[in-house]
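What follows is one structure encoded as structure tokens, with my remarks underneath.
Just so you know, ligand 1 is whichever comes first in the structure, and atom 1 is the first atom listed for that ligand. Please read these numbers as outputs of a predicted model, since none were measured by experiment.
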Amino acid sequence: MCGIVGYIGPRQAQDVLISGLSKLEYRGYDSAGVAIQEQDGHIDVCKKAGKLSNLAAVLEAEPLLGTLGIGHTRWATHGLPNDTNAHPHASEDGKIVIIHNGIIENYLPLKEQLTQRGHVFRSETDSEVLVHLIEEKYAQTNNDLYEAVRLALGDVRGAYGIVVTHADHREIVAARTVSPMVMGVGEGEMFLASDVPALLPYTREMVFLHDGDMVILHDDGFKVTDLAGREVQRNIEHIDWDAEAAEKGGYDSYMMKEIFEQPTALTNTLIGRLHDDTGEVNLDIKLDPASFKRISIIACGTAFYAGMVGEYLIEQLARIPVDIDVASEYRYRDPLVNEHTLAIVMSQSGETIDTLEALREAKKFGAKTLGIINAKGSSMTREVDDTLYIHAGPEIGVASTKAYTSMVSAMLMLALWLGRARGTLTEQQSRELLLAARELPRLVEQLLTPERVEHIKQVAEKYAYARDFLFLGRGVNSPTAYEGALKLKEISYIHAEAYAAGEMKHGPIALIDEHMPVVVIATESKLLEKTISNVQEVRARKGKVILVLSEGDTEHARYGDDVIYVPRAQEMVSPVVNAVALQLLAIFTAQKLGKDVDKPRNLAKAVTVE
Ligand code: M6R
């Protein structure tokens, strides 16, 4: 994910930018660049593909002198990771420079219009439309940089953290929607960054910009407005985090931070890929959807459960036979694979050895291969025919959270892409699902409000001393039950099992007594009444029922000893929302028991041994 740093003040900007960008390296990137305003106003731009150290070496040999600058690490989405596509991007006269984090979804029509009006594009990026738009607006607004940026943003759709400066102004203008941005307030100097650690060496007085905020920075102060130009008040907060706490964004663990990052991670997974006007999904996949007759999904652990959701979605929406295997089994079971098979490997790290070897096995028999992967440039991405990146950002907590919900969302998009291409989904059906998918970041954000989180914490603490747990779900939410049980096991060490709810009566029901908490996912679905019958079976044996219900479902609440309400979601997308509730249940249980949730015993983040 891209990183942003900006500086205005008495120091040499180059030093602040390089030091700040180095603190953002953890976000992942493939090129870096800076723009620095010299004393006479002229702006120098230097950008290099590859590591930040490439850029730093060039700047060390020939430093750019100036006390106002903006810097960027780019994680390529549109266009190759080369010097030209690296940020900053400058206007033709070199006077306006911008850096951008996010995706401009409507960049293609904008680019077309701007080209017709005589603008010449030098890069393949979506971001470059911003500099051309600002250039036009700057002329229209009588050289008012803030107003030019504000009007330009009115024309774009998508996510952005944007930072702009102009050779004729000693000021920086920035704005954000979705992409995070924090401002550092110093004595006679101001800073900007996409994350706190970049600024900690310089100041601890910070302003967290909200969605839709714009800001103008001068050496001695700042002004925040909304996108309509109205001034808004944002408090300066004193940040007393140490370096480790800063990396956790103020949360008590990486896992908790990553749970709360899910609205952003989901936005990044979905953005630029859904076209509600046509019902199409643009995944930039070169594979021919008509060329395979069956799909094999292969993964381990949490990624496997995301694959199980994928199995439901692809079979229902695209009507292609799907089988799913844990990678360690697939390799040795002599699977039926040929050139008509699409093998999909799913992995957060892209390095899990079982999955990697299974991928090689599938390739040996001629399968086409697709990776649904988080870690850019990882081994699997180098060996598959095509990759669908989930763009969830770095996941540090050993227990996977945001990678799971992003993988499920990626699977939904894949199922829609296949369904449209193979004619099993009408435009109308696709548009409805696409709109439901678009809602996901907002629904997860609603679930993560303090009152709901506090309630889940109370439920977790009530049952934290249970010896065993059972998780039940049906249909597209039966994998949610498996993932919920895995999360609880991994970090709390409580024994937990999961079953498709209808299967319980075939054996596991023998386990149920008054000591057994049973978590039942019973959100809105065509099978809800059947799930409730299974709940009755648990209650008849004195099991304690924790019901996960859709907001507003008062009718079924009476069947639960405790109820966790989640925002109402369309059934096909509900596994994403429901999983977040179960992640919270697991983490609060583990914390009540005093466990280290980031480093659960015996587990490794990427399992690279067989
Ligand atoms: O990096 P991967 O997605 O390939 O990892 C697969 C599993 O090892 C991983 O999901 C594991 O189950 C996690 N501990 C889940 O929280």
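- In summary, Arg331 and Glu361 do not engage in a salt bridge, as defined by a charged side-chain N under 4.0 Å from a carboxylate O.
- Ser550 places a side-chain N or O within 3.5 Å of a backbone atom of Glu524 that can act as its donor or acceptor partner.
- Checked for salt-bridge contact, Arg452 and Glu551 meet the test: a charged N lies under 4.0 Å from a carboxylate O.
- Among all non-hydrogen protein atoms, the one lying nearest atom 7 (C) of ligand 1 is Cys300 O, 3.6 Å.
- When only non-hydrogen protein atoms are considered, atom 8 (O) of ligand 1 lies nearest to Val607 CG2, 4.2 Å.
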Asp553/Arg568 under side chain to side chain contact (heavy atoms under 4.5 Å, CB included): CA gap, chis, key distance, verdict:
CA-CA 9 Å; Asp553 180 355; Arg568 199 165 272 270; 4.2 Å; yes

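- Contacts with ligand 1 closer than 4.0 Å are made by side-chain heavy atoms of Lys487 only, the backbone lying farther away.
- Regarding atom 5 (O) of ligand 1, its nearest protein heavy-atom neighbour is Thr352 OG1, 3.4 Å.
- An N or O contact shorter than 3.5 Å is missing between Thr355 and ligand 1 by distance.
- With respect to the salt-bridge test (charged N to carboxylate O, under 4.0 angstrom), the residues Lys286 and Asp386 qualify.
- Under a 4.0 Å criterion applied to the non-hydrogen atoms of Ala399, ligand 1 contributes the atoms 16 (O).
- For atom 9 (C) of ligand 1, the closest heavy atom belonging to the protein is Thr302 N, 4.1 Å.
- Atoms of ligand 1 lying under 4.0 Å from at least one heavy atom of Val398, given by number and element, are 13 (C), 14 (N), 16 (O).
- Glu490 OE2, 3.3 Å is the protein heavy atom nearest to atom 13 (C) of ligand 1.
- Under a cutoff of 6.0 Å and an axis angle of 45°, Lys51 and Tyr29 form a cation-pi pair.
- When hydrogens are left out, the protein atom nearest atom 1 (O) of ligand 1 is Ser349 OG, 2.7 Å; that is the closest non-hydrogen contact.
- You'll find the ring centres of Tyr251 and Phe260 inside the 6.0 Å limit.
- Close contacts between ligand 1 and Ala303 involve ligand atoms 3 (O), 10 (O) [criterion: under 4.0 Å to a heavy atom].
- Listed by atom number, the atoms of ligand 1 under 4.0 Å from Ser400 heavy atoms are 15 (C), 16 (O).
- Contact check on Glu261 versus Lys257 returns a salt bridge, with a Lys/Arg side-chain nitrogen under 4.0 Å from an Asp/Glu carboxylate oxygen.
- Nearest non-hydrogen protein atom to atom 3 (O) of ligand 1 is Gln348 N, 2.6 Å.
- A distance-only check finds a donor-acceptor pair linking the side chain of Thr369 to the backbone of Asp385 [under 3.5 Å].
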